[in-house]
Amino acid sequence: MRAVVLHGDRHVAVDEVPDARLPGPDGAVVRVERTAICGSDLHLYHGLQGAPGVHLGHEFAGVVEEVGAETHRVRKGDRVLVSGVIGCGRCTACMGRDPVLCRNGGPKVFGTNTALDGGQAEAVSVPAADAFALPIPDGISVEQAVLLTDILPTGYLGAQRADIRPGSTVAVIGLGPVGVFALQCAQLYGPSRIFAVDRVADRLARAEALGAEPVDATEVSAARRILELTGGRGVDAVIEAVGTDATIKDAIFAAAPGGTVSVIGVNMNFEFPFPLPLALMRRLTFRVTLASVPSTWEALVPLVASGRLQPEEVFTHRLGLSEAVEGYRVFDARTDGVLKVLLDPSR
Ligand SMILES: NC(=O)c1ccc[n+]([C@@H]2O[C@H](COP(=O)([O-])OP(=O)(O)OC[C@H]3O[C@@H](n4cnc5c(N)ncnc54)[C@H](O)[C@@H]3O)[C@@H](O)[C@H]2O)c1
Ligand SMILES: [Zn+2]
Ligand SMILES: [Zn+2]
């Protein structure tokens, strides 16, 4: 079968690899109908994480082709979406839909190392399928299903964990697809103002169209501009959706006294220079979240099925899996009006 394989710095290829096989009696093989490229894949693409040989991708939905003897809830022929983050599937945390707290080895993300092959492929081996594969609910399209495997849940949890209340002021830093979803989920909580920060003009315009106040961070520091725009006070809630040291620091500096900083951007810096005195004097709450994807489905499925959220609007580019190299190039370059790239493994 074909899969997108990491070869090195800014080098991926669509390679012929061994077919996906049942990972064990609790697993399934899923034939992929649609899969997407994520900002998290770019960390591997840039050589900041992972190693050559990894089969990439953690956002996919498709048809169950085969199940193990101990897989009962999910059946052959079901159309499913699969959480990009999984755990053992058996511990109390996994049974409670919170694989990030898995007690048997912690969370695992598809397509980030060679132990769990990714979803940018014709088929995927899915362990613990009963716990982490969800039959696609009525009223949800396959494109919407792909967005329920990672980034809509991430944006939702970023907003939920930012303590936004009716009337709060909010800033969202980073307006990639994850930031766009954080912005839309922040709006579910009734804030009075949302500042939306990025450096790409079409992304700022999209946020403005969604009702946010754009802040172009190309020339000014986002934190300084947000302080100016709020009379020196800062915002009650900051959602960080980039993951660089600079933007996480900006998020902390933009928070008002008593405020909350909710980081969903991925940062792997063990030496992050946290400005503790500022957090102390302003009594800030700092949260960082790897998305426990299945925990959000109960809230998000009805919001999508009813049309209250229309996440598929983030897809600007729909390509065949055979065009994945170009998909990575354009998603990384942020040119051509790109926001999110969807891949179809039948092409
Ligand atoms: N926590 C989780 O579970 C989880 C899940 C999915 C993605 N993520 C992370 O979310 C982040 C965003 O993902 P995405 O798919 O939206 O990626 P993306 O690369 O499309 O978006 C990042 C955005 O940040 C902007 N940006 C970069 N530097 C900036 C700066 N200095 N100031 C302002 N804006 C800046 C970019 O222009 C871009 O629009 C990534 O770090 C990704 O790994 C986390
Ligand atoms: Zn992702
Ligand atoms: Zn577990």
Side-chain angles (χ1 to χ4, degrees), residues 20-30 32 35-36 38-41 43-44 49-51 54-62 64 67-74 78 80-121 124-135 145-161 178 243 262-270 286-301:
R21 291 224 224 118
L22 265 187
D26 68 345
V29 174
V30 173
V32 179
T35 173
C38 179
S40 295
D41 299 321
H43 303 308
L44 290 102
Q49 215 188 314
V54 173
H55 297 191
L56 294 167
H58 53 271
E59 302 178 1
F60 59 96
V64 176
V67 294
E70 291 166 18
T71 305
H72 303 297
R73 204 170 53 80
V74 170
D78 281 354
V80 294
L81 60 99
V82 178
S83 173
V85 180
I86 64 170
C88 73
R90 297 181 309 277
C91 73
T92 50
C94 286
M95 301 281 280
R97 300 198 141 187
D98 198 350
V100 170
L101 301 188
C102 176
R103 289 156 190 253
N104 296 319
K108 300 174 187 68
V109 181
F110 283 97
T112 53
N113 62 60
T114 49
L116 188 62
D117 287 342
Q120 290 160 12
V124 190
S125 305
V126 176
D130 276 346
F132 302 115
L134 177 75
V146 169
L147 297 167
L148 285 164
T149 65
D150 179 24
I151 68 167
L152 184 56
T154 298
Y156 177 75
L157 290 170
Q160 188 188 64
R161 285 165 55 78
V178 171
S262 172
V263 174
I264 47 177
V266 169
N267 181 300
M268 291 299 185
N269 181 7
F270 281 92
F286 184 87
R287 296 205 180 93
V288 54
T289 305
L290 173 65
S292 247
V293 171
S295 71
T296 68
W297 288 336
E298 196 180 343
L300 290 174
V301 166

Trainee: If the condition is side chain to side chain donor-acceptor pair (under 3.5 Å), which residues does D26 pass it with, not counting sequence neighbours?
Mentor: none
Trainee: Do V80 and V30 pass the side-chain contact (heavy atoms from CB on, under 4.5 Å) test, and can you show the C-alpha distance, the side-chain angles, and the key distance before you say yes or no?
Mentor: CA-CA 8 Å; V80 294; V30 173; 4.0 Å; yes
Trainee: Could you work out, with side chain to side chain donor-acceptor pair (under 3.5 Å) as the rule, every residue matching T114, not counting sequence neighbours?
Mentor: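 By the side chain to side chain donor-acceptor pair (under 3.5 Å) rule, T114 matches no residue at all.
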Trainee: Do you know which two heavy atoms are closest between C91 and N104, and how far apart they sit?
Mentor: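 Closest approach of C91 to N104, heavy atoms only: CB-ND2, 4.0 Å.
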Trainee: Which atoms form the tightest heavy-atom contact between T71 and P25, and what is the distance?
Mentor: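 Shortest heavy-atom contact: OG1-O, 3.2 Å.
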Trainee: Might you point out which heavy atoms bring G57 and D41 nearest each other, and give the distance in Å?
Mentor: N-OD1, 3.9 Å
Trainee: Checking S83 now: which residues fulfil side chain to side chain donor-acceptor pair (under 3.5 Å) with it, not counting sequence neighbours?
Mentor: none
Trainee: Looking at every non-hydrogen atom in both residues, tell me the closest pair between V29 and L22 and how far apart they are.
Mentor: CG2-N, 3.5 Å
Trainee: Mind checking side chain to side chain contact (heavy atoms under 4.5 Å, CB included) for T149 and listing every partner two or more places apart, or none if nothing turns up?
Mentor: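 E59, L81.
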Trainee: For S125, which residues count as a side chain to side chain contact (heavy atoms under 4.5 Å, CB included) partner, sequence neighbours excluded?
Mentor: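 For S125, the residues satisfying side chain to side chain contact (heavy atoms under 4.5 Å, CB included) (neighbours in sequence not counted) are A20, P23.
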Trainee: Within the 4.5 Å heavy-atom criterion, are M268 and Q49 side-chain neighbours or not?
Mentor: yes
Trainee: Which residues satisfy the side chain to side chain contact (heavy atoms under 4.5 Å, CB included) test with A159, sequence neighbours excluded?
Mentor: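 Counting only residues at least two positions away or on another chain, A159 forms a side chain to side chain contact (heavy atoms under 4.5 Å, CB included) with I164, C185, A186, Y189, I239.
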Trainee: Testing the basics here: between F132 and W297, what is the closest heavy-atom pair and its distance to 0.1 Å?
Mentor: O-CH2, 3.7 Å
Trainee: For D150, what residues pass the side chain to side chain donor-acceptor pair (under 3.5 Å) criterion, not counting sequence neighbours?
Mentor: H58, T154
Trainee: Show me the pairs that pass ring-ring contact (aromatic ring centres under 6.0 Å, His included) and involve residues 86-107, at least two apart or across chains.
Mentor: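 Every pair satisfying ring-ring contact (aromatic ring centres under 6.0 Å, His included) with a residue in residues 86-107: there are none.
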Trainee: Please table the atom pairs, donor to acceptor, closer than 3.5 Å between any side-chain atom in residues 94-101 and protein atoms at least two apart or in another chain.
Mentor:
residue: D98; atom: OD1; partner: S292; partner atom: OG; Å: 2.3

Trainee: Which residues satisfy the side chain to side chain contact (heavy atoms under 4.5 Å, CB included) test with R287, sequence neighbours excluded?
Mentor: R161, D163, T260, T285
